[in-house]
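None of these values were measured; they are calculated from a predicted model.
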Amino acid sequence: MTDFPASDILTSDLHTWLSQQHHGLRTFKTFQQKLETLSSDEPEQRAVCRLLSGLVGSYIEAFDEAPLPVTVADRAYSRLLDLVASLDLRGNTDRRLADINRIAACDLLR
């Protein structure tokens, strides 16, 4: 990862990486791995990483070993990209709680 301040890693580096990827399941699996690394490197971001990983994991489980319709993949990818872009890890506690709640309420399949 690049040398972004810790609070910018998800919103800058991870978003940039994600925006340059294909919409397939491999991208979502690699995204989960990046979240694991980030969670270890930046313990104060563990809750966000854990929730994002669970969100992506549910999506992967739904289509692992099954055909993935292009429209579903495009929509899920777009939702995830928008969600990551919307996070404000420098925000006050109210903003961070709102981000966490938004991640928890998100469903990539809807």
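Rounding to the nearest 0.5 Å places CD of Gln20 at 11.0 Å from OG1 of Thr27. The structure places CG of Leu25 at 10.5 Å from NE2 of His22, a figure rounded to the nearest 0.5 Å. The SG atom of Cys106 sits 11.0 Å away from the CG atom of Leu51 when rounded to the nearest 0.5 Å.
Side-chain contact between Ile60 and Gln32 is present, with heavy atoms from C-beta onward closer than 4.5 Å. By the 4.5 Å heavy-atom criterion applied to side chains, Asp99 and Val48 are not counted as neighbours. Looking only at side-chain heavy atoms (C-beta outward), Phe31 and Ser53 stay at 4.5 Å or farther from each other. At least one side-chain heavy atom of Leu83 sits under 4.5 Å from a side-chain heavy atom of Leu52. Residues Asp64 and Lys29 meet the side-chain proximity criterion, which asks for heavy atoms closer than 4.5 Å. In this structure, Lys34 and Leu38 have side chains that are not in contact, with every pair of non-hydrogen atoms separated by 4.5 Å or more.
Under the 4.5 Å side-chain contact rule for hydrophobic residues, Val84 and Leu109 share a cluster.
Within 6.0 Å of atom CZ in Arg102, more than 12 heavy atoms from other residues, nucleotides or ligands are found, so the atom counts as buried in its surroundings.
At a cut-off of 3.5 Å, with distance as the only test, no side-chain donor of Gln45 or Arg50 sits close to an acceptor on the other residue.
Among residues at least two apart or in separate chains, ring-ring contact (aromatic ring centres under 6.0 Å, His included) pairs with a member in residues 77-110 are His23-Tyr77.
Pro69 approaches Pro67 most closely through the heavy-atom pair CD-O, 3.4 Å. Looking at every heavy atom in both residues, Val56 comes nearest to Leu108 through CA-CD1, 4.4 Å.
Between the side chain of Arg46 and the backbone N or O of Ser39 there is at least one donor-acceptor pair closer than 3.5 Å.
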* Which is it for Asp88 and Arg96 under the side-chain contact (heavy atoms from CB on, under 4.5 Å) test, yes or no, and what are the steps along the way? -> CA-CA 7 Å; Asp88 181 4; Arg96 291 196 55 161; over 6 Å; no
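Tested against Cys49, the residues Leu14, Ile103, Leu35, Thr37 include a single side-chain contact (heavy atoms from CB on, under 4.5 Å) partner, Leu35.
Remark: Phe28 pairs with Tyr59 by the ring-ring contact (aromatic ring centres under 6.0 Å, His included) rule, at least two apart or across chains.
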